[in-house]
2 protein chains.
Amino acid sequence: MTERKDAMPEKTDGPGAGCPIRGVLDRIGDQWSLLTLEALETEKKRFNELLREVGDISKQMLSKTLRHLEQDGYISRTVYPEVPPRVEYELTELGRSFLTPMKTLIQRAEQNHPEIIRSRLRHGAE
Amino acid sequence: MTERKDAMPEKTDGPGAGCPIRGVLDRIGDQWSLLTLEALETEKKRFNELLREVGDISKQMLSKTLRHLEQDGYISRTVYPEVPPRVEYELTELGRSFLTPMKTLIQRAEQNHPEIIRSRLRHGAE
DNA sequence: CGGCATCCGTAATGATACTG
DNA sequence: CAGTATCATTACGGATGCCG
């Protein structure tokens, strides 16, 4: 049976009421979503391609992530009823419109990463 | 003893080599970091204030998150050696410079959230 | 090839009690 | 008030095997 363990408890509690942060982060803030999206940024890819591209992700996680991303409309899934079967994943406009600024932000964060590292050492070494 | 369970395995593997995504997301992409940062956006706050503000976070998680954020230089921690003790957390410039665009991004994502919901229903209901 | 189901170890997380 | 230590629970994540 298809276990629907994604309860989606709608964590929009107290402060979360007016804060869409959770809603979005719960989707793309996980371990693999962003990486997967990024892998698809340049071109559509197949399952095993992504498996290799992302690297240390398992089939299960990739599968789950992919389904998740597709559910939210970030990517599209195209099945070619051939043999052997071929499935291609592609970034949608929504996905792209989200990934681009996100990457910008990440890159900006990277700029002051040195500062972060320093801060980390300063406190971590104590 | 102060458990240092944060192994920081430096997940910058394969594709992650040139991708700073993980480095940043592993820090602020977790369940509470963003929420905590946001709670501090308007003004400096004390521990229990944050505990209430964030809502469904436990003392332990808040504590850990706070330490994490402080380590990375996103927030500052000021202890007032009084009795009863008072500790105030405040957003640093780094924290603010990161939170602001992040929130913008989140909000933009919220705009097409309706679309996401639709997409979700479409696939989830089938 | 794509991908879901199962088993299982690990690690995150909440609740509680305790300290300074 | 501000945390930390401990415990129990659970969810996550990886490996494997099977099926279309």
Side-chain angles (χ1 to χ4, degrees), chain A residues 1-9 11 13 22 25-27 29-33 35-36 40 44-71 75-90 123 126, chain B residues 1-9 11 13-14 22 25-27 29-33 35-36 39-40 44-71 75-90 123 126:
Chain A
M1 67 159 81
T2 29
E3 247 299 345
R4 269 276 155 268
K5 49 118 82 313
D6 309 82
M8 276 210 292
K11 201 82 149 226
D13 53 299
R22 299 315 317 285
L25 272 190
D26 276 357
R27 286 307 176 292
D30 68 272
Q31 190 95 125
W32 310 111
S33 292
L35 285 183
T36 306
L40 287 171
K44 67 173 73 167
K45 299 220 173 76
R46 303 174 59 175
F47 189 85
N48 279 321
E49 278 186 282
L50 288 170
L51 207 57
R52 275 177 255 114
E53 185 106 7
V54 180
D56 53 341
I57 191 175
S58 65
K59 294 171 73 170
Q60 198 177 29
M61 279 303 103
L62 180 58
S63 186
K64 181 182 293 185
T65 302
L66 250 21
R67 232 179 306 134
H68 222 157
L69 291 175
E70 190 206 355
Q71 255 185 20
I75 62 175
S76 66
R77 179 176 180 272
T78 311
V79 184
Y80 297 84
E82 319 168 340
V83 49
R86 180 161 54 103
V87 181
E88 291 190 338
Y89 294 91
E90 187 174 11
H123 292 273
E126 79 177 270
Chain B
M1 63 160 82
T2 29
E3 247 299 346
R4 270 273 155 265
K5 49 117 84 318
D6 307 81
M8 277 210 290
K11 199 81 147 229
D13 53 301
R22 298 315 315 290
L25 273 190
D26 276 357
R27 287 306 176 290
D30 69 272
Q31 190 94 124
W32 309 112
S33 293
L35 285 182
T36 306
L40 288 171
K44 68 173 71 167
K45 299 221 173 76
R46 303 173 60 172
F47 189 86
N48 279 323
E49 277 187 283
L50 289 171
L51 207 57
R52 274 178 256 113
E53 186 105 9
V54 180
D56 54 341
I57 190 175
S58 66
K59 295 173 73 169
Q60 198 177 31
M61 278 302 101
L62 179 58
S63 186
K64 181 183 294 186
T65 302
L66 250 21
R67 234 179 303 134
H68 221 157
L69 291 175
E70 189 204 357
Q71 257 186 18
I75 64 175
S76 67
R77 178 174 180 273
T78 310
V79 183
Y80 297 85
E82 323 168 338
V83 49
R86 181 160 55 102
V87 181
E88 292 189 337
Y89 293 91
E90 187 173 13
H123 292 272
E126 79 177 273

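Chain letters run A, B, ... following the sequence lines, proteins first and then strands; every chain starts at 1.
Comparing C/dG3, C/dG2, D/dG3 by their nearest atom to the side chain of A/Arg46 picks out C/dG2. Considering only side-chain atoms of B/Arg77, the nucleotide from D/dA2, C/dC1, C/dT13 that sits closest is D/dA2.
A/Arg86 meets the salt bridge (charged side-chain N to carboxylate O under 4.0 Å, His left out) test with A/Glu82, A/Glu88; sequence neighbours excluded. Here B/Val83 pairs with nothing under the side chain to side chain contact (heavy atoms under 4.5 Å, CB included) rule; sequence neighbours left out. Considering only residues two or more places apart in sequence or on other chains, A/Gln60 meets the side chain to side chain contact (heavy atoms under 4.5 Å, CB included) condition with A/Ser58. For A/Thr78, the side chain to side chain contact (heavy atoms under 4.5 Å, CB included) partners at least two apart in sequence or on another chain are A/Tyr80.
Between the CZ atom of B/Phe47 and the C1' atom of D/dT4 there is a distance of 10 Å, given to the nearest Å. In this structure, the CD1 atom of B/Ile57 is 7 Å from the P atom of C/dG14, given to the nearest Å. Going from atom CD of B/Gln31 over to atom P of D/dA11 covers 13 Å, rounded to whole Å. Here C/dG14 presents its P atom at 11 Å from CG of B/Leu62, a figure rounded to the nearest Å. One interatomic measurement links the two molecules: CZ of A/Arg86 to C1' of D/dG20, which rounds to 17 Å at whole-angstrom precision. To the nearest angstrom, C1' of D/dG3 lies 14 Å from NZ of B/Lys64. Summarising the geometry, the separation between CZ on A/Arg67 and P on C/dG3 is reported as 9 Å, rounded to the nearest angstrom.
Side-chain nitrogen and oxygen atoms of A/Tyr89 include none within less than 4.0 Å of the OP1 or OP2 phosphate oxygen of C/dC1. Between D/dA2 and B/Asn48, a contact under 4.0 Å exists linking OP1 or OP2 to a side-chain N or O.
The shortest distance between side-chain heavy atoms of A/Glu53 and A/Lys45 falls below 4.5 Å. Using a 4.5 Å cut-off on side-chain heavy atoms (C-beta onward), B/Phe47 and B/Val87 make no contact. Looking at heavy atoms from C-beta onward, A/Thr36 lies in side-chain contact with A/Leu69 at the 4.5 angstrom threshold.
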* To do: Could you check A/Leu66 against A/Leu50 for side chain to side chain contact (heavy atoms under 4.5 Å, CB included), going step by step and ending with a plain yes or no?
  => CA-CA 10 Å; A/Leu66 250 21; A/Leu50 288 170; 4.1 Å; yes
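Annotation: of the two residues near DNA chain C, A/Ser63 and A/Pro84, the 5′-most nearest-nucleotide partner is A/Pro84. Positionally, the nearest nucleotide of DNA chain D for B/Leu66 lies more toward the 5' end than for the other of B/Leu66 and A/Met61.
Across all strands, B/Tyr80 comes closer than 4.0 Å to no nucleic acid atom at all (heavy-atom distances).
Closest approach of A/Leu40 to A/Tyr89, counting heavy atoms only: CD2-O, 3.3 Å.
End-to-end axis angle of the helix from C/dC1-D/dG20 to C/dG20-D/dC1, using five pairs per end and rounding to 10°, comes to 40°.
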Readout for nucleotides 15-20 of chain C: B = base within 4.0 Å of protein heavy atom, S = sugar-phosphate only, - = neither; 5' to 3' it is B-B--B
